[in-house]
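Reading through the structure tokens given below for one structure.
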Amino acid sequence: MITIGITGGVGAGKSTVLDFLAEKYQAYVMKADEIGHLVMEPGQECYEPVIALFGKQIIKDDKTIDRRQVSDVVFSRPDMLERLNEIIHPAVKRYIRRQLELKRQQGQKICVVEAALLLEDHYQEFCDTIWYIHTDQEIRIRRLMENRGYTREKSISIIASQAPEEFFRANADYVVVNNTDLKETWQQIEEGIRKYETL
């Protein structure tokens with residue numbers, strides 16, 4: 001089994017790459033963001049610790065955690081964000097490791113893990129290869145404005161707050177350029193997969 005770690009800045013079109021890998025290669029895809037929500041569900045590992053951190057007022061009528069309230073708090077309190085991350089990030093990694101072991105036992109050929117902070121959170125510990133999805137900044141700005149309704153200024157400031165291009169390139173094993181020609185993007189993905197003859 002090969003585990004591919006996918007990373008890249010906001011607006012790079014990582015989902016497009018994940019969808020193609022799932023469709024063409026039946027890859028099992030895990031997104032750290034989605035798992036972060038999952039581990040906060042009632043009965044899951046982070047449910048009680050997050051409530052202990054933020055207080056019972058974040059529990060909604062259906063017993064789930066009000067993530068909007070949580071994000072409102074951490075937006076203005078970097079110390080609370082740090083404490084939240086200390087609860088969530090290790091739990092997400094444990095969940096992914098368990099799933100990878102399960103998929104290995106089930107004979108899955110390709111697993112894909114996507115995380116914005118893949119490198120910063122050391123996901124390379126359990127990924128066989130790290131792919132960086134690169135998209136030119138102007139295209140990323142346009143995508144954020146069109147798909148998320150952000151202003152140009154907000155798009156630029158979000159991009160600026162993330163790791164620079166050089167950091168991704170220095171730490172990635174493979175780069176997929178995902179600008180406007182999808183056919184080119186697909187070819188690069190196929191080329192990346194071909195490196196693993198066992199598939």
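Note that the numbering runs from 1 along the sequence shown for the chain.
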Linking I/L/V/M/F/W/Y whenever any side-chain heavy atoms sit under 4.5 Å apart, do [X] and [Y] land together?
X    : Y    : value
I139 : I159 : no
V17  : I2   : yes
W186 : I110 : yes
I65  : L81  : yes
L182 : I6   : yes

Just jot down the side-chain hydrogen bond (donor to acceptor under 3.5 Å, both in side chains) partners of [X], sequence neighbours excluded, or say none.
X    : answer
Q99  : Y28
E146 : none
Q188 : none

Side-chain polar contacts of residues 31-38 - donor-acceptor pairs under 3.5 angstrom, sequence neighbours left out - could you list them?
unit_1	atom_1	unit_2	atom_2	d
H37	NE2	R67	NE	3.4

For this session: Assess whether side chain to side chain contact (heavy atoms under 4.5 Å, CB included) is satisfied between V177 and E184, documenting all intermediate values.
Result: CA-CA 8 Å; V177 177; E184 274 182 28; over 6 Å; no
Exercise. Salt bridge between D79 and R77, side-chain N to carboxylate O under 4.0 Å?
Worked result: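 Looking at R77 together with D79, the answer is yes, because their closest N to O distance falls below 4.0 Å.
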Exercise. Between E138 and R152, is there a salt bridge with N-O shorter than 4.0 Å?
Worked result: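 So R152 pairs with E138 through a salt bridge.
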For this session: Without swapping roles, check the side chain of N179 against the backbone of D136 for a donor-acceptor pair under 3.5 Å.
Result: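 Yes, because the side chain of N179 sits within donor-acceptor range (under 3.5 Å) of the backbone of D136.
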Exercise. Among all residues two or more places apart in sequence or in another chain, which pass the side chain to side chain contact (heavy atoms under 4.5 Å, CB included) test with E82?
Worked result: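 E82 satisfies side chain to side chain contact (heavy atoms under 4.5 Å, CB included) with E86 only.
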Donor-acceptor pairs under 3.5 Å, side chain of residues 113-127 to any protein atom, not counting sequence neighbours: which ones?
unit_1	atom_1	unit_2	atom_2	d
D121	OD2	H89	ND1	3.3
E125	OE1	R97	NH2	2.9

Exercise. Take atom CG in D61; do more than 12 heavy atoms of anything else shown fall under 6.0 Å from it?
Worked result: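 Result for CG/D61: open.
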Exercise. Relative to each other, are the rings of Y132 and F168 parallel, tilted or perpendicular (30° and 60° limits)?
Worked result: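 It falls in the parallel class, under 30°.
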